[in-house]
Amino acid sequence: MTHLELSHIRKAFGAAVVVEDFNLAVNQGEFISFLGPSGCGKTTTLRMIAGFELPTAGTITIDGNDLTNTPPNKRNVGMVFQSYALFPNMTVAHNVGYGLKITSKSKAEIMQRVHEMLALIQMEEFAQRYPFQLSGGQQQRVALARALAIRPQLLLLDEPLSALDAKIRLELRHEIRRIQRQLGITTIYVTHDQEEALSLSDRIVVMSKGKIEQVGTPTEIYNAPATEFVARFVGHINLLPVTVLNPTDGVISLGRQTLRAGRFGKLNGRPVQLAVRPEEINLGAKPDTNTLSGEVESVTYLGSIVRIGLRIEHHPLSLDVFNEHTLKLPRIGETHTIHFPVNACWLIEKSD
Amino acid sequence: MGRFSSIRVLLCFAVPPRCKGTVVAMSTSPPPRYRNNAWREHPLWNWVGLVPFFLFIFLFLIIPSLNLFTGAFVTNKGFFTLENLSVFRNPLVLKAYMTSLQVSLLTAVIGGLFGFFVAAAITLGHPPRWMRSLIMTFSGLAANFGGVPLAFAFIATLGRTGFVTALLKEVCFPGPDGTQICPFNPYDHGFSLYSLTGLVLAYTYFQFPLMVLTITPALEGMRKEWREAAANLGASTWQYWRDIALPVLTPSILGASILLFGNAFGAYATAQALTGGSIPLVTIFVGQQIRGDVLGNPHEGYAMAMGMVVVMAITIVAYSMLQRQASRWMKV
Amino acid sequence: MKAQQINWWAIFWIVLAALYFLLPMYGTLDFSLRMERNTISLKAYEIVFADPRFWRGFQYSTLMALITIVVSIILFVPTVYWMYLKVPQARPIMEIITILPFVIPTIVYVFGLIRTFSRPPFQLTLHAFTTDMLIVAGYVVISMPFMFRAIDVGMRALDVRTLTEAAQSLGSNWFQVLVYVIVPNLRVAILSGALISFATVMGELILASFLVRPALAPYMALLGLTKAYEPAALAIISYALTWFSLGLLQIVSQGGTTRQLTGR
């Protein structure tokens with residue numbers, strides 16, 4: 001059932017159009033991520049949902065109620081900021097309880113709710129601390145509790161983990177997902193980190209230059225990126241310029257070598273590229289797969305995997321192999337044969 | 001490269017020519033000679049470089065200040081006495097203290113409020129950038145523009161023949177009984193620049209810019225996200241100011257107020273030049289006491305001066321107590 | 001990025017502030033030009049500039065200001081440097097000491113200073129030269145809050161320890177580090193402190209007046225007692241002086257301000 005609906009949203013600051021024709025229907029309890037590079041309009045869209053920015057055109061509805069022109073303090077939408085934005089003059093308990101105090105709830109009720117929220121984020125013993133006495137991760141958890149305390153219809157998170165250390169980021173990521181599942185609250189999560197988006201979301205909205213590039217589940221986004229932008233932005237990918245020899249069964253050529261693509265949509269006659277993820281490629285030859293050969297240019301040790309860079313028909317290509325103890329690494333300058341399954345690669349039109 | 005002896009560094013500052021030879025000697029001679037000097041590792045050794053500064057401060061700040069205190073408690077012959085404190089029973093002296101406090105509080109409050117609104121206007125009001133730079137530049141100027149010239153400027157503007165006074169004489173104002181008063185001469189209606197009102201007007205000229213200068217950084221530190229987070233939780237603008245903005249600003253406002261108070265309390269030149277000493281301020285009294293003894297007992301002057309320090313000390317103690325309360329939530 | 005909408009409430013306060021700044025300034029300028037009846041003239045300025053006492057005061061105050069600045073730099077730069085390098089724990093006490101001249105009313109300080117140094121064992125007020133020494137010491141103390149703070153702020157922006165170690169590793173001794181590395185990096189800070197000190201000393205009335213030295217401010221005060229138009233001219237001249245030193249300060253310390261002022 002549709003909970004939040006954005007239709008034909010457009011936002012312009014003067015002559016600069018920041019968001020254009022943004023359409024999205026979010027279901028009750030869904031976890032949606034807005035993913036894209038900085039300046040793609042994802043934060044602006046989130047701020048329009050929160051009410052901090054007014055859309056130039058379009059409507060925002062929650063449960064069928066038009067909220068487009070409702071001021072932010074009347075929307076009952078919880079928001080978590082990148083910079084935590086805890087009120088420095090209030091203790092943790094007062095921060096969490098502030099939204100309830102505004103709605104003139106009784107002291108006992110506020111106290112009970114604050115306890116409940118602090119239990120949810122497992123920080124009961126920090127109730128009397130001030131924000132400056134907390135670490136970044138703790139502050140962000142309090143900010144989450146504060147946003148949730150008012151029982152919002154919607155939870156908005158604006159790059160909540162960007163300011164934190166890598167380890168805390170991972171911890172908190174799981175915590176956000178756990179709490180979101182537990183409360184079943186509809187959530188919009190803005191991030192530029194594809195790993196966060198992939199691991200957290202029910203669906204991902206990939207944006208670029210103010211427009212939606214693709215909406216889909218993490219699997220769809222990763223395995224079947226619709227555009228070159230999505231393919232490049234999410235994960236690591238090899239894109240090799242190829243020539244289509246036979247559009248019906250997908251026979252293509254890369255220089256002097258002939259290959260088959262597993263999937264190819266409607267081709268409009270524009271230059272196409274063969275897309276294949278590094279982890280799908282293996283060393284050596286195998287029958288009934290695409291087989292290519294090229295010179296090894298680099299071998300990069302990344303811990304659990306080793307990334308090998310080759311040059312095939314003048315084009316760079318990288319492949320990942322698991323770092324097993326039996327692994328015999330190729331040397332730079334050697335010529336190696338590689339293979340990947342036909343259905344692990346697909347064609348993408350080159351974007352302008 | 002050798003670790004340079006601290007003493008020699010000091011000598012360098014005092015007698016530069018001596019350095020040259022030392023420097024050359026130092027850079028060529030091997031350093032290990034110093035290695036065994038354990039006394040050099042003593043923590044007190046670290047303070048040696050501050051000796052010239054402390055010597056200067058001791059001579060020209062500490063001794064004169066101590067002199068005031070001892071002077072306030074001795075007789076002409078140099079014996080200890082509390083007699084000099086009787087100066088505070090003198091109604092003229094008490095009046096002077098009251099007037100000084102009154103002027104200082106008044107200009108601190110008026111200048112503080114005015115300055116706060118101006119600072120808020122140039123930070124939160126998002127005016128065109130040139131307006132903001134202009135106000136900041138003028139504030140820097142006006143806060144430093146006190147003393148005699150300020151008095152002259154106000155005399156030329158609001159004095160009996162001043163520019164604004166002349167302008168006011170051209171216009172009509174509705175009188176209290178509904179009739180028009182033409183021409184309106186403010187001096188016929190109780191106003192005088194050479195009075196307390198005039199003094200407050202003149203002091204405000206440097207007080208409010210000082211407030212602008214001191215409070216603007218604090219206002220700039222107000223994060224946009226606080227306002228948004230508050231709005232997000234349902235707070236109105238007024239609730240945001242009451243619950244977050246003002247509490248967050250309180251320590252800065254307190255600090256600025258004490259600055260303004262002290263600034264007015266110690267001001268002398270403007271009052272002297274504006275009123276020729278006819279308004280009894282403590283500073284004017286102390287000034288007269290330096291010129292020549294007007295109270296009959298020179299040590300009563302010490303007592304009066306010391307009284308001012310005591311007032312400032314009490315203000316600062318009160319301030320720091322309030323400050324501790326207001327800034328519990330701040331990192332030290 | 002935000003759409004520019006004019007906030008009338010803000011404009012109101014800004015205009016009010018601008019009026020408070022400009023009206024007395026304009027009033028004074030207007031007044032100073034009206035010495036001759038029914039005509040605008042520079043008569044008041046001519047009289048002031050023809051008065052040798054004005055030049056004497058100007059010269060004396062400028063000289064004292066320059067000496068004060070030099071003494072302040074020689075005294076404070078090495079002190080602050082040493083504090084950063086060796087005794088950072090001295091900072092709180094240094095801060096309290098350097099703010100004292102701001103807390104103690106100048107007239108009280110001068111009272112103490114004069115009573116201390118006008119009698120044995122430290123009598124300095126007998127000769128003009130020693131009195132000037134005393135005056136410089138007083139000016140250094142009075143301008144200390146500005147000077148110290150400026151140098152302190154400048155030094156804080158530098159990584160003094162790393163700079164020192166880098167220079168030492170290249171063969172400098174401490175004196176060379178100070179003169180060739182620290183001071184050049186502090187140029188802006190020192191200059192801004194110096195300009196505020198300059199403005200302070202040029203306008204300082206109390207010390208010179210009670211020690212009866214021919215400084216600018218006592219001359220002005222004296223003139224104010226007997227004349228009407230000349231003081232206005234003098235006020236404009238000191239406006240210009242303050243403008244000059246603090247305007248210079250703005251340019252030095254912010255670099256871009258002048259461009260912003262004229263850029264839009």
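In what follows, chains carry the letters A, B, and so on, assigned in the order in which the sequence lines appear, proteins first and then strands, with residues in each chain numbered from 1.
Per-residue heavy-atom pair counts under 4.5 Å with chain C were compared for B:Pro149, B:Gly71, B:Gly266, and the maximum is reached by B:Pro149. Ranked by heavy-atom pairs under 4.5 Å with chain C, the first of B:Leu158, B:Val282, B:Thr161 is B:Thr161. The most heavy-atom pairs under 4.5 Å with chain C, out of B:Val212, B:Val164, B:Leu68, come from B:Leu68. When B:Phe138, B:Phe208, B:Phe154 are compared by the number of non-hydrogen pairs under 4.5 Å with chain C, B:Phe138 comes out ahead. Chain C forms more heavy-atom pairs under 4.5 Å with one residue of B:Thr315, B:Leu201, B:Ile62 than with any other, namely B:Leu201.
When ring centroids are compared, B:Phe206 and B:Tyr203 come within the 6.0 Å threshold. Note: B:Phe117 and C:Phe12 fail the aromatic proximity criterion, with ring centroids not under 6.0 Å apart. Within the 6.0 Å centre-distance limit, the rings of B:Tyr302 and C:Phe111 are counted as a close aromatic pair.
Residue C:Leu100 touches chain B through its side chain alone, counting heavy-atom pairs closer than 4.5 Å. Within the 4.5 angstrom heavy-atom criterion, only side-chain atoms of C:Ile114, from C-beta onward, approach chain B. Contact of C:Ile104 with chain B is made through the side chain alone, with heavy-atom distances under 4.5 Å. Within the 4.5 angstrom heavy-atom criterion, atoms from both the backbone and the side chain of C:Tyr20 approach chain B. Interface remark: C:Tyr239 contributes backbone and side-chain atoms alike to the contact with chain B (heavy atom separation under 4.5 Å).
Note that the OG1 atom of C:Thr164 and the NZ atom of C:Lys86 stand 10.5 Å from one another [nearest 0.5 Å].
Ring-plane geometry between B:Trp47 and B:Phe54 is classed as tilted, the angle between the planes lying from 30 to 60 degrees on a 0 to 90 degree scale.
Although no hydrogens or angles enter the test, the distance criterion places a donor-acceptor pair under 3.5 Å between the side chain of B:Thr157 and the main chain of C:Pro24.
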